[in-house]
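The structure appears below as structure tokens.
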Amino acid sequence: MITAEQHEKLRGWFAGRLPDDLFESLGEVTVDREEITVIGRIPEPRLAESASDAEREAAVGSRIQEFRERTRDARVAVAREAEHRFGKKVSWGVECGGERALFTHVAAPVMTRLRQPQRQVLDTLIAAGVARSRSDALAWCVRLVERNADDWLTELRDSLEHVQRVRAQGPDAPGPIAEDAGPEDTPTDG
């Protein structure tokens, strides 16, 4: 996990590095151990006010696809530079007309040990047709927790940032050497 300041610097790097005409605005930049995800907003297609929901949905889908193809080279160039600089893969997505589409993203394997009651939960999801495998069932559970525990997870992330700030101020933190150290502070050969 990174601190709020590190996240702001990362977001600032992308805001400064992205071509001005790439996105209407930079929506969000998220980061974890493996990946940086950049989501930008693109303009909605202009349609008649009488356009049906189906027409709007098709137009937004086409706009997203057109953007993806047209901007591929520019996004790849920025991603290469960012991957070299930050040591993480860069994934891209857009928001358009209330829709969010991810073009690429990392599906990182996660190893875990579960006791029988937890395995039975996963097996029940498989038997019910909710998931195809234990891995798929576990991913479904994580998405469910993510959706329903957003406030709790936000509070937990804020607490972790506080812990990192306190650690950074601890005795091992780099800092100025006291100039008024007296003789009792000077090591002896005794």
E5 atom CD: more than 12 heavy-atom contacts under 6.0 Å: no
Any side-chain heavy-atom pair of F86 and V31 under 4.5 Å: no
Any donor-acceptor N/O pair, K89 side chain to E34 backbone, under 3.5 Å: no
Separation of R46 CZ from R63 CZ (nearest 0.5 Å): 7.5 Å
G97 to V60 - nearest heavy-atom pair and separation: CA-CG2, 4.3 Å
More than 12 heavy atoms from other groups under 6.0 Å of CZ on R132: no
Check: T3 and R165 side chains under 4.5 Å, non-hydrogen atoms: no
From Q120 atom CD to T124 atom OG1, the distance as rounded to the nearest 0.5 Å: 7.0 Å
Test: R100 and E28 ion pair at under 4.0 Å: yes
Interatomic distance, I36 atom CD1 to E83 atom CD [nearest 0.5 angstrom]: 8.0 Å
Separation of Q164 CD from R167 CZ (nearest 0.5 Å): 7.5 Å
pair H162-V166: side-chain heavy atoms closer than 4.5 Å: yes
Neighbour count >12 (heavy atoms, 6.0 Å) for atom CD, Q65: yes
Residues, nucleotides or ligands: over 12 heavy atoms within 6.0 Å of Q116 CD: no
Heavy-atom closest contact (C96 atom, P43 atom, distance): SG-O, 3.6 Å
Joint cluster assignment, L138 & L144, ILVMFWY side-chain distance < 4.5 Å: no
Nearest non-hydrogen partners of L122 and C141, listed with the distance: CD2-SG, 4.2 Å
Donor-acceptor contact below 3.5 Å, side chain R119 vs main chain L114: yes
Salt bridge present between E161 and R157 (N-O < 4.0 angstrom): no
Flag if over 12 foreign heavy atoms under 6.0 Å of CG, N148: yes
Side-chain touch F103/V94, heavy atoms, less than 4.5 angstrom: yes
Side-chain donor-acceptor pair present, S91, E35, cut-off under 3.5 Å: yes
Approximate separation, where rounding is to 0.5 Å, of E95 CD and I39 CD1: 6.5 Å
Student check: side-chain heavy atoms of V76 and R80 closer than 4.5 Å: yes
Where W92 and R75 come nearest, the two heavy atoms and their spacing: CZ2-O, 3.3 Å
Distance in Å, S52 OG paired with L47 CG, rounded so as to fall on 0.5 Å steps: 9.0 Å
Test item: T71 side-chain N/O and A74 main-chain N/O as donor-acceptor pair under 3.5 Å: no
Closest approach of V130 to D136 (non-hydrogen atoms, all atoms of both residues): O-OD2, 4.5 Å
Crowding at CD, E66 (>12 non-hydrogen neighbours, <6.0 Å): yes
Shortest non-hydrogen contact between V78 and R17, atoms and distance: CG2-NH1, 3.6 Å
